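The next block holds one structure in the form of structure tokens; read it before the comments.
Here the structure is a predicted model, which means the values were calculated and not measured.
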Amino acid sequence: MDKLVKQIEKIREINKQHKLVIFVGAGVSQNSGVCSWWELVKDIAIRIDYNDICEKCKMKNLICSECGETLELCSFDNDECQYKHNYSSDEFLKIPQYFYEEKGEEQYIQLLKEKFGGNYESNEIDNLILDIKPEHIITTNYDHLLEDTKNINVSKYTIIKSDKDLLTETGKHYIIKMHGDKDDFNENGINNIVLKEDDYLKYSHTHEIIESYIKSLLFDKTFMFVGYSLNDNNLKLIMSYIDYYVKSQGIKKYNSHYLITNRIEHKERDNKYWDNKNVEVVDLAALSNFMKEKTPCSLNTYGKPLFSFLMYIKDNNLPFYEDKKILY
């Protein structure tokens, strides 16, 4: 826990210096009922009858050592197969691409409206992020949960949904929708949405100014990623082009960044992997019961410890240990 305390104190200091930029992923919006990227891709795969994983699965045709017969084990429990929707990084991009090419733009737009066009309400984490008052907020989410909070601090941020907005809107602090906004779910705006393979391959051209601006923040800002898992494809794609940019520009020294997660399956290996990308992993599992005792029950399994962590970033006076508890 001592490591966690030092990380919290460091991030507090960074924020105090107006150098904190918070990246917000789908894990935050899930607390309001919005689907995750995996749930979206799974639904799309079902709609286009994508079964490539099943066709390649070794469990499909095993030979019984006793009788020599072929056994298709997955047929016994196909609906609950743990491998059926275990998509690779490529498949997370290709499956939406296949849907777009097979069903066409109209059905593609309708799908996005169906999955993200609901009237979702901002959650406690959205509100808390604005309480922290970071220099900028960058999100890969399409929803309006951050900008629709009733938090008074939201008025300090200019909403950036496209390259054009960065050129025409004024403001000191931004909420950047780097993958587009649900208002773009129409024939005029759909090219601003980033989801399918082509969108990622063309990102440097379709979002050239946003990409350049985010890269420019590397020089004196610290990124803190919330709502992303260690295996999140959006996170890996973001970090890959940041990593490429740093190396291509010969940048030797730049700020470390923070990835907030509550699940580290292989601590030594995962920490080393992210260390090499100049990202420090913050393990929410290290939070004590005392630090989590005032967590809202409305949040999900990831949301609860994240809320507690962010409360400590926000409030410098919160005690880390019970014997130092402040009595009000």
Side-chain angles (χ1 to χ4, degrees), residues 11 14-29 31-32 34 112 116-117 119-186 188-195 199 203-228 234-235 237-238 241-242 245 255 257-258 260 310 313-314:
I11 295 170
I14 292 167
N15 194 38
K16 185 178 178 182
Q17 296 171 3
H18 308 291
K19 292 187 175 183
L20 183 65
V21 175
I22 299 181
F23 273 74
V24 180
V28 172
S29 293
N31 288 277
S32 294
V34 181
L112 293 174
F116 299 101
N119 294 318
Y120 301 104
E121 294 186 3
S122 305
N123 58 67
E124 291 92 339
I125 297 174
D126 295 309
N127 187 65
L128 189 49
I129 288 170
L130 286 159
D131 277 340
I132 291 171
K133 295 184 285 188
E135 193 72 359
H136 303 294
I137 300 169
I138 302 174
T139 180
T140 48
N141 301 334
Y142 310 127
D143 58 66
H144 292 175
L145 297 178
L146 285 163
E147 54 265 52
D148 283 352
T149 62
K150 294 180 174 63
N151 194 306
I152 192 172
N153 292 330
V154 76
S155 63
K156 299 177 181 179
Y157 293 87
T158 300
I159 311 301
I160 303 297
K161 303 177 183 180
S162 65
D163 278 3
K164 181 181 177 182
D165 291 339
L166 265 180
L167 293 173
T168 59
E169 300 292 333
T170 58
K172 185 178 179 181
H173 308 287
Y174 296 141
I175 293 178
I176 300 176
K177 314 292 286 289
M178 66 176 292
H179 283 176
D181 181 271
K182 71 176 188 176
D183 289 342
D184 295 321
F185 296 162
N186 56 68
N188 295 321
I190 195 63
N191 290 331
N192 194 47
I193 294 296
V194 180
L195 174 60
D199 303 328
Y203 191 83
S204 292
H205 301 288
T206 59
H207 297 72
E208 181 179 1
I209 299 173
I210 285 179
E211 182 181 20
S212 296
Y213 183 78
I214 292 173
K215 288 175 178 176
S216 73
L217 298 175
L218 284 169
F219 292 101
D220 68 337
K221 299 292 187 286
T222 294
F223 298 163
M224 183 173 78
F225 296 89
V226 300
Y228 299 93
N234 270 328
L235 174 66
L237 288 164
I238 292 168
Y241 76 66
I242 288 176
Y245 177 74
N255 298 325
H257 307 296
Y258 294 88
I260 319 304
L310 292 176
I313 301 299
K314 170 195 169 186

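Using modelled atom types, no side-chain atom of Asn192 and backbone atom of Gly180 make a donor-acceptor pair closer than 3.5 Å. For the pair Asn153 (side chain) and Leu130 (backbone), a donor-acceptor distance under 3.5 Å is present.
Below 30°, between 30° and 60°, or above 60°: for His207 and Tyr203 the angle between ring planes is below 30°, a parallel geometry.
A side-chain contact (heavy atoms from CB on, under 4.5 Å) with Leu128 holds for exactly one of Leu310, Ile313, Val28, Thr149; it is Leu310. The side-chain contact (heavy atoms from CB on, under 4.5 Å) test with Ile176 singles out one residue from Ile137, Ile138, Ile159, and that residue is Ile138.
For the residue pair His179 / Asn141, no side-chain donor-acceptor distance below 3.5 Å is found, with atom types taken as modelled.
Residues passing the salt bridge (Lys or Arg N to Asp or Glu O under 4.0 Å) test with Asp184, sequence neighbours excluded: none. Shown here are the side-chain contact (heavy atoms from CB on, under 4.5 Å) partners of Thr158, two or more places apart in sequence or in another chain: Ile160, Glu169, Tyr174.
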Anything under 3.5 Å between a donor and an acceptor, one on a side chain of residues 15-24, the other on a protein residue two or more places apart or in another chain? List them.
from, atom 1, to, atom 2, distance (Å)
Asn15, ND2, Ile132, O, 3.0
Gln17, NE2, Glu13, OE2, 3.1

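Within 6.0 Å of the CD1 atom in Ile152, the count of heavy atoms belonging to other residues, nucleotides or ligands does not exceed 12. The 12-atom threshold is exceeded at NZ of Lys215, counting heavy atoms of other residues, nucleotides or ligands nearer than 6.0 Å.
When side chains are defined from C-beta on, His136 counts as touching Tyr213, because their heavy atoms get closer than 4.5 Å.
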